Amino acid sequence: MTMGYVLLQNLRRNPLRTALTATAFALPMAVFVIAISIVLNLAIMSQDLAKQLRAAVHHRVSFTNFLPEGMRSRIQALDQGKNRLTAVCGMRWFGGRVPGAQNIVQSLAADHDTFPIVYPDVAMSEHEIAEWNRERRACVVGKLIAEQYGWKVGSQFSLQSSIPPYQELEFVCVKIVELSSRQSVMYFRRDYLENSLEALGAGPGGCNVFWIRARDAESLLALQRDIDAAFANSPDETKTEDENAFIAGFIQAAGNIPGLMQMLAVVVVVILGLVGGNTMMMSLRERMAELAVFKAIGFHSLRVFRLVLTESVILAIGGAAAGVIPVWALLNLIPLSVPGRGPSMPLTASWQGAAGSLFIAALIGFAAGLWPAYQAMRLKTVNALRNIGE
Amino acid sequence: MSAVDIDLRLVRKVYHKGRMNITVLDGLDLSIEGGDFAVIMGPSGSGKSTLLHLVGGLDSPTSGSVRVGDAHLERMSERELTAWRSRHVGFIFQMYHLVPVLTAAQNVELPLLLFRMSSAERRKRVETALEIVGLKDRMDHRPNQLSGGQEQRVAIARAIVTDPDVIVADEPTGDLDAKTSTEILQLLSLLNSEFRKSIIMVTHDPRAAGFGKRLLHLDKGVLERDERHTHPVQPVAV
């Protein structure tokens, strides 16, 4: 027998209470790991996007205000030395629905000539680019959308726009996009959209956003400054933001997810600390006599302190593991995404997130066990034994 | 281990309750020879449990000296006292206080976790201790599967498994029926006579006192009577 065995057996003392406390840890920690995953995914996505040296040029008033078609060439003209700007890609929101379906497919019409240049991370092969350029109805579809509707490369389908004039367009899938930040978006050719609008008499309306790709980080900053300066005090005043800031704006529009997640995480930690502390105090009160006997037969105060504290930590980790591991497995087995009106973020749980959650649970268990362990350490054997006799 | 003498000189123990000072032991002088079986009696509040705690190293005197063998307990720190207790004293309590989730053998093994000892050696000691108290066949039973008397026997096995010099017993039969009490007292007598363990026992039961070799009667913190039994109740084999 070892002290570890004694410790584990102690947890069996009141199985119902142990199970309830473990569950009290499991459920909030399951939520916690989701929250942590969202925050971590955002951070990873942010790091990935920062490497892409992209910025969004949109109307200063709102993303929904159109910018004129001619702005693309005016932006290009700002790079007179041809050494700062790689390409400009105009985009326009389509937001179609599969006929009969409720959910909107986040679809954007993009300039087909520059899309593969501005979005090299979409990783279109030469063959796929050739198809994209050859087929006017071509589209590249995020993996999550493709899985949802069962689309594959070569699939033909139609979408009806969610904005006036609500035209229905037919598409041909030329690529399924694996890139995590693009798994819930679909891109298709803007010339196809413009032609269909002209045919309906709606006329060209311009772009919601012009994406620029710079040659380096310095150039990106300079271009952002120059673009906004060039269109200042014009009817089409612009706001140019790097991709991280732009996407953060969308995520904020869906309800400040990171902030909510952080708040949720803090609430979970505080509640669990209270639950754990309360359980350990109850457990301690029941075992005063026993701990007094431990001390009487030669267990030093510090050893008793460690015993109670370790029990608290094990209970917290065990309970948290019961919630974290299934959620971690679930998030990695089933593709989920954080909903949003812009580029959405796939929700996957990293092992770092799961391990981090267990570590935080251990810290909560440690904090919750500190006071009861201190009480146990300070327990005067004589007083405790005297109370037992009464 | 050989039996050790216990010597208390001018021992005072004062408890502080709010602004009140309560003198529980007042200048007590007492010597107990190694291998003796001393029974302490007296009314509630007479200081008998306090005396037991001082001899067992659970508490320190306000003044005076408590010597057990070569150890001057009043000079020891809490850490030293704890270490000393683990090697030299076995405790038996009225309510047994076994760990309910451990088996009889595991409960007996608990004090041995503090010693550097192989698991085989620990096992051997546990078996011997349980054999002495007549519970070798109940080794794997948990406390809730044992009677009160059997639980107290396990507690006695736990007290002797480290081969202590002194066994202190605080009303060990207080929670047992007459027949079981007799069995437990006979077992303590056996430990005293066969294994030369010094035993100091507090009891309210005059019949239990008959098992001791010496009767110490305390009242209001002073030793009122000190009698030696010429014919204590003889132990029988368990």
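First the proteins, then the strands, lettered A, B, ... as listed; each starts at 1. Given the structure is predicted, the values throughout are model-derived calculations rather than measurements.
- The heavy-atom pair separating B/Phe93 from A/Ala296 by the smallest distance is CZ-CB, 4.1 Å.
- Of the inter-residue distances, the one linking B/Leu110 atom CG with A/Phe294 atom CZ reads 4.5 Å to the nearest 0.5 angstrom.
- With a 4.5 angstrom heavy-atom cutoff, B/Arg123 does not touch chain A via any of its atoms.
- Annotation: B/Asp70, atom CG; neighbour count of heavy atoms from other residues, nucleotides and ligands within 6.0 Å does not exceed 12.
- Within the model, atoms CZ of B/Arg85 and NE2 of A/His300 stand 9.0 Å from one another, a figure rounded to the nearest 0.5 Å.
- Interface residue B/Leu98: only backbone heavy atoms are found under 4.5 Å from chain A.
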I'd like a table of donor-acceptor pairs (distance under 3.5 Å, sequence neighbours excluded) in which one partner is a side-chain atom from residues 99-106 of chain B, with atom names and distances.
{"unit_1": "B/Thr103", "atom_1": "OG1", "unit_2": "B/Gln106", "atom_2": "N", "d": "3.2"}
{"unit_1": "B/Thr103", "atom_1": "OG1", "unit_2": "B/Gln106", "atom_2": "OE1", "d": "3.3"}
{"unit_1": "B/Gln106", "atom_1": "OE1", "unit_2": "B/Thr103", "atom_2": "N", "d": "2.9"}
{"unit_1": "B/Gln106", "atom_1": "NE2", "unit_2": "A/Tyr5", "atom_2": "OH", "d": "3.0"}

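- Judged purely by atom type and a 3.5 angstrom limit, B/Arg87 has no side-chain atom pairing as donor or acceptor with the backbone of A/Gly298.
- More than 12 heavy atoms of other residues, nucleotides or ligands lie within 6.0 Å of CD in B/Gln145, so this atom counts as buried by the packing criterion.
- The structure places OG1 of A/Thr2 at 9.0 Å from CD of B/Glu109, a figure rounded to the nearest 0.5 Å.
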**Q.** Stepwise side chain to side chain contact (heavy atoms under 4.5 Å, CB included) test for A/Ile297 and B/Val89
**A.** CA-CA 8 Å; A/Ile297 63 176; B/Val89 190; over 6 Å; no
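- A/Val293 places a side-chain heavy atom less than 4.5 Å from the side chain of B/Arg158.
- With rounding to the nearest 0.5 Å, the separation of NE2 in B/His53 from OG1 in A/Thr381 is 9.0 Å.
- Considering only heavy atoms from C-beta on, A/Lys295 stays 4.5 Å or farther from B/Thr82 through its side chain.
- Contact count against chain A (heavy-atom pairs under 4.5 Å) is highest for B/Leu114 among B/Leu58, B/Asp170, B/Leu112, B/Leu114.
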